[in-house]
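Here's the structure we're looking at; comments come further down.
Numbers here simply count residues along the sequence, with the first being 1. All values derive from a computational prediction rather than experimental measurement.
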Amino acid sequence: MSTTAHEAADRPEIPTRLLVHALVREDGTVDAGELYTVANVLGMSDQQVRLCVKRLVGEGRFTHEGRGRKAVLRAVADATGSLAPDAAYVRHAYRQDQGLAPWDGTWHLFAFAVPESRRAARDTLRDTLLHLGAAPVQGGLYVCANAVGDLVEAAARHLGVLPSVTFLTSTDLRIGELETPRDLAAALWPLPEIAERHDRLAALAESFLAGPGGAGEMTDVERLTLAVTLAAAFSAAMRPDPLLPPELLPEPWAGRRARALAARCWELLAQPRPTGDPARPAPRLFRLYADALADAHGWNGGDRVDS
């Protein structure tokens, strides 16, 4: 399979720093030869890679042994980077896709009035709510369809603003004249933009799955390039996704289809290569995604993906 097999799909932007993190192997090393080669395939220059490596070494994140493409980087600490999936988050997404996490009709609301003197804490609390999938209703009031109250409470307690936060639930939320759950979800969350990101992930996955030969025909560099690109596209689609229950989403929902296709890609990428050194450690990224998608195995392989 040529590396051009997935070039028709829109590639996500991959910062050089994230590429280095993505190529960290299970033994904590990065092969500079692979790093430069994959970077070149992704359109990065050797100078760009050298400057990034220099910064990472200067920050104490890696040590550097050797020169040029024969060098070896060693991670000083866990350097999976922001391409690493949140296993619990991914598992919940696939459970929703399989109908194993039905919505109970409860809206979870959070109101806070943190004084200006605690502005940094207020901003962090707001960012935490958005990260957990909540949407602003009006000033200081946020709503989420998932039960994230314990996580919000833990964040507020850590920030020292828990007395300023109000927690409540409702089964009859209404905003103006909007009262049906799907209408509320469409007004509160940017569903078209979220679906568009999932469509880009689906297009990338489809281009790989439609290619001749499959993962078994790919070289090591092709496999690594696709894995990094797929991980970046998966992160770009999932991180802004509030994981609304299916009952609140339009049908068919782009996220379910994209996740099913992505799981099939990772299943193929995880298969042992018929050639190559079996003792050569694989990038830690492969195991992280295999673990995160464990609950999806056995479902995506046999489930039909609607067009």
Side-chain angles (χ1 to χ4, degrees), residues 85-116 118-199 234-259:
D86 182 324
Y89 182 71
V90 172
R91 188 177 302 114
H92 181 66
Y94 280 99
R95 282 179 56 80
Q96 285 185 326
D97 292 342
Q98 297 175 72
L100 299 178
W103 190 47
D104 63 1
T106 301
W107 297 101
H108 301 264
L109 294 108
F110 309 93
F112 59 90
V114 180
E116 180 65 21
R118 302 295 313 280
R119 181 176 182 179
R122 183 184 64 200
D123 292 346
T124 300
L125 179 61
R126 181 199 61 222
D127 292 343
T128 298
L129 285 163
L130 295 173
H131 177 74
L132 291 172
V137 178
Q138 56 191 48
L141 177 63
Y142 288 73
V143 63
C144 187
N146 294 311
V148 297
D150 289 348
L151 298 174
V152 176
E153 179 178 348
R157 189 183 300 278
H158 174 73
L159 293 167
V161 296
L162 184 58
S164 300
V165 183
T166 299
F167 301 76
L168 63 151
T169 59
S170 173
T171 57
D172 60 353
L173 179 65
R174 182 165 69 91
I175 301 176
E177 296 182 349
L178 299 176
E179 56 183 338
T180 68
R182 274 199 167 93
D183 287 345
L184 287 165
L188 288 166
W189 286 274
L191 298 185
E193 290 86 348
I194 295 169
E196 184 179 353
R197 295 186 189 98
H198 283 299
D199 285 338
F234 194 86
S235 295
M238 289 288 287
R239 290 215 167 119
D241 190 337
L243 295 188
L244 296 177
E247 294 87 349
L248 305 182
L249 295 168
E251 288 290 346
W253 176 237
R256 178 181 183 275
R257 180 171 182 272
R259 285 187 286 267

Answer yes when [X] and [Y] have at least one side-chain N-carboxylate O distance shorter than 4.0 Å, and no when they do not.
X: D241; Y: R259; answer: yes
X: D97; Y: R256; answer: no
X: E193; Y: R197; answer: no

Any side-chain heavy-atom pair of [X] and [Y] under 4.5 Å:
X: N146; Y: H108; answer: no
X: L125; Y: F112; answer: yes
X: I175; Y: V137; answer: yes
X: L244; Y: L191; answer: yes
X: P245; Y: Q96; answer: yes
X: C144; Y: L132; answer: no
X: P242; Y: L130; answer: no
X: D183; Y: E177; answer: no

Mark yes when over 12 heavy atoms from residues, nucleotides or ligands other than E116 sit less than 6.0 Å from its CD; otherwise mark no.
->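 More than 12 within 6.0 Å, yes.
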Take atom NE2 in H131; do more than 12 heavy atoms of anything else shown fall under 6.0 Å from it?
->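 For H131, atom NE2 is not crowded (no more than 12 foreign heavy atoms under 6.0 Å).
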How close do [X] and [Y] get, heavy atom to heavy atom, and via which atoms?
X: M238; Y: A93; value: CE-CB, 3.7 Å
X: A134; Y: Y142; value: CB-CB, 4.1 Å
X: A121; Y: L159; value: O-CD1, 3.6 Å
X: L184; Y: L173; value: CD1-O, 3.4 Å

Between the main-chain N or O of [Y] and the side-chain N or O of [X], is there a donor-acceptor pair closer than 3.5 Å?
X: W103; Y: A145; result: yes
X: R182; Y: L249; result: yes
X: R126; Y: T128; result: no
X: W107; Y: L168; result: no
X: Q98; Y: Y94; result: yes
X: R95; Y: L100; result: yes

Mutual orientation of the aromatic rings belonging to F167 and F110 [parallel < 30°, tilted 30-60°, perpendicular > 60°] =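 Perpendicular, since the angle between the ring planes exceeds 60°.
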Evaluate the ring planes of W253 and H198, with Trp represented by its six-membered ring, and classify them as parallel (under 30°), tilted (30 to 60°) or perpendicular (over 60°).
->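 Rings of W253 and H198: perpendicular, as their planes differ by over 60°.
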Distance, nearest 0.5 Å, that separates CG of D86 from NE2 of H92 =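 Spacing of CG (D86) from NE2 (H92) equals 11.5 Å.
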Just how far is it from atom OG1 of T124 to atom CG of L129, taken to the nearest 0.5 Å?
->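 If we round to the nearest 0.5 Å, T124:OG1 and L129:CG are 11.0 Å apart.
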